[in-house]
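Worksheet: one structure, shown below.
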Amino acid sequence: MKKLVLAGLLGIGSLVMAQTYYSVLPYVATINYSGDTTKNNGYVDGIYLSALESPYKVELDVEHTQIKYTNNTPTLNQNDFTGIIHYYQGYNLDYKVGMHHISSDDKLTDKANIYLAGILYYQTLKYNAGVDLYYSDYSNLSTSPKIWQISPKAGVNFGNYYSKIGSFYAQAKIDYIHPTNNRDENKLKSNYTSVELSLSNYKGAFTTKFSGWIGKRAFDVDNGGFIVNNLTSTQK
């Protein structure tokens, strides 16, 4: 979509064209559990929206999650709302701030607000490095925790997009999670650390991504703030 912007210089008016780019992405996923848990299965659906007009980008996401249990525990329903604003300084820096809100049947984490900020230095189609900072404010109950998380990351691009196998992007990320106002009934440790590696391939209209992580997590924030695992149980 093109927008007309009126600009003036030294009293002389001129008409310039500013380009605005929009993205709309509906999505759905299924969840299956195994091992020592009473969770059985579930699903996630949502819609992601973005608008980019240099030097700003706005991202919005609305998501619904439903989880069923193997015992008499009632089905869990949760809605997540995320908003993030980016500011691009020149051609190498990306600053962002935002918030993720949770409305859940889970009383411990209901009405939670996750505040986020980040900075990314990048050389387009070469490499990047940055860090994201999250503060998760769970305040619905006196036992609800508060969580700090810092996530440094770095990535590199390689390969030829026009080749038979396309181009690649590899990224390494560390998540360091520190619960505060911790209580014994939450069974949270003082710190959690994990390392995540991912590899993405770009070929034509398709993007294929593989990722995995090692370590331990609890109440972690992922995917730049769009995913919040508001679970007291430790993930391995």
Can you check side chain to side chain donor-acceptor pair (under 3.5 Å) on Ser104 and Asp110, steps first, answer last? CA-CA 5 Å; Ser104 177; Asp110 186 28; 5.7 Å; no
Under a 3.5 Å cutoff, is there a donor and acceptor pairing between the side chains of Gln123 and Tyr121? yes
Under a 3.5 Å distance rule, please check whether Ser167 uses its side chain to pair with a backbone N or O of Gly159 as donor and acceptor. no
How about Gln78 and Asn230: does a side-chain donor come under 3.5 Å of a side-chain acceptor? yes
Residues two or more places apart in sequence or in another chain: which of them pass side-chain contact (heavy atoms from CB on, under 4.5 Å) with Tyr135? Tyr115, Asp137, Lys146, Trp148
Tell me, do Tyr192 and Asp220 make a side-chain contact under 4.5 Å, heavy atoms counted? no
Please check if the side chain of Asn229 supplies one atom and the backbone of Leu231 the other of a donor-acceptor pair under 3.5 Å. no
Tightest non-hydrogen contact, residues Leu188 and Pro179, listed as CD1-CB, 4.2 Å
Atom pair CG/OG1 of Asn92 and Thr124 - distance to nearest 0.5 Å: 7.0 Å
Is the closest side-chain heavy-atom distance between Tyr161 and Leu125 below 4.5 Å? no
Phe158 and Phe168 aromatic ring geometry - parallel, tilted or perpendicular at 30°/60° bounds: parallel
Full working for side chain to side chain donor-acceptor pair (under 3.5 Å) between Tyr122 and Asn157: CA-CA 11 Å; Tyr122 60 93; Asn157 296 82; over 6 Å; no
For a 4.5 angstrom cut-off between non-hydrogen side-chain atoms, does Lys57 reach Ile85? no
Do Val97 and Leu120 sit in one hydrophobic cluster, given that two such residues count as connected whenever their side-chain heavy atoms are within less than 4.5 Å of each other, even indirectly? no
Look only at the side chain of His100 and the backbone of Gly225, and say whether a donor-acceptor pair between them is shorter than 3.5 Å. yes
Pairs of donor and acceptor atoms involving the side chains of residues 24-33, under 3.5 Å and at least two apart or interchain, shall be tabulated with distances.
from  : atom 1 : to    : atom 2 : distance (Å)
Tyr27 : OH     : Asp61 : OD1    : 3.1
Tyr27 : OH     : Asp61 : OD2    : 3.0
Tyr27 : OH     : Glu63 : OE1    : 2.8

Between Ser194 and Arg217, is there a donor-acceptor pair closer than 3.5 Å when you use the side chain of the first and the backbone of the second? no
Between Leu197 and Ser211, is there a side-chain heavy-atom distance shorter than 4.5 Å? no
Is it true that Asp132 and Lys96 have a side-chain N and a carboxylate O under 4.0 angstrom from each other? yes
Report the C-alpha distance between Glu53 and Gln19 in whole Å, list the side-chain angles of each, state the deciding distance to 0.1 Å, and finish with yes or no for side chain to side chain contact (heavy atoms under 4.5 Å, CB included). CA-CA 6 Å; Glu53 183 176 315; Gln19 191 79 31; over 6 Å; no
Any donor-acceptor pair under 3.5 Å from Tyr43 side chain to Ile67 backbone: no
Interatomic distance, CG@Asn41 vs CD@Gln66, rounded to 0.5 Å, equals 9.0 Å
The single option from Asp222, Leu116, Leu133, Val221 passing side chain to side chain contact (heavy atoms under 4.5 Å, CB included) against Gln149: Val221
Run Asp45 and His64 through side chain to side chain donor-acceptor pair (under 3.5 Å) and show every step you take. CA-CA 5 Å; Asp45 56 20; His64 174 72; 5.5 Å; no
Spacing of CG belonging to Asn128 relative to CG belonging to Leu93, to within rounding of 0.5 Å: 11.5 Å
Side chains of Ser151 and Asp175: do they bring a donor and an acceptor to under 3.5 Å? yes
Taking C-beta and beyond as the side chain, do Leu141 and Lys107 meet within less than 4.5 Å on heavy atoms? yes
Hydrophobic clustering (ILVMFWY, side-chain heavy atoms < 4.5 Å, transitive) - are Val131 and Tyr95 grouped together? yes
Hey, are Gln171 and Tyr169 close enough side-chain-wise for a donor-acceptor pair under 3.5 Å? yes
With no hydrogens and no angle check, is any side-chain donor or acceptor of His178 less than 3.5 Å from a backbone partner on Ser190? yes
May I ask you to test the Leu60-Val62 pair for a side-chain heavy-atom distance under 4.5 Å? no
Under 4.5 Å between any side-chain heavy atoms of Lys209 and Ser198, yes or no? yes
Say you draw a straight line from CD1 of Ile177 to OG1 of Thr193; how long is it, rounded to the nearest 0.5 Å? 8.0 Å
Can you tell me how far the CD1 atom of Ile102 sits from the CG atom of Asn79, to the nearest 0.5 Å? 10.5 Å
Sequence neighbours left out, what pairs pass ring pair (Phe, Tyr, Trp, His ring centres under 6.0 Å) with at least one residue falling in residues 212-236? Tyr48-Phe226, Tyr138-Phe219
Would Val44 end up clustered with Tyr69 when hydrophobic side chains under 4.5 Å apart are linked, directly or stepwise? yes
Same cluster or not: are Tyr56 and Leu52 linked, directly or through other Ile, Leu, Val, Met, Phe, Trp or Tyr residues, by side-chain heavy atoms under 4.5 angstrom apart? no
Check Gly166 against Asn201 and note the closest heavy-atom contact, atom names and distance. C-ND2, 4.1 Å
Answer with yes or no whether the hydrophobic clustering places Tyr202 together with Leu199; edges join I, L, V, M, F, W, Y residues whose side-chain heavy atoms lie under 4.5 Å apart. no
Between OG1 of Thr73 and CG of Asp105, what distance do you get to the nearest 0.5 Å? 12.0 Å
Counting only heavy atoms not in Lys203, do more than 12 fall under 6.0 Å of its NZ? yes
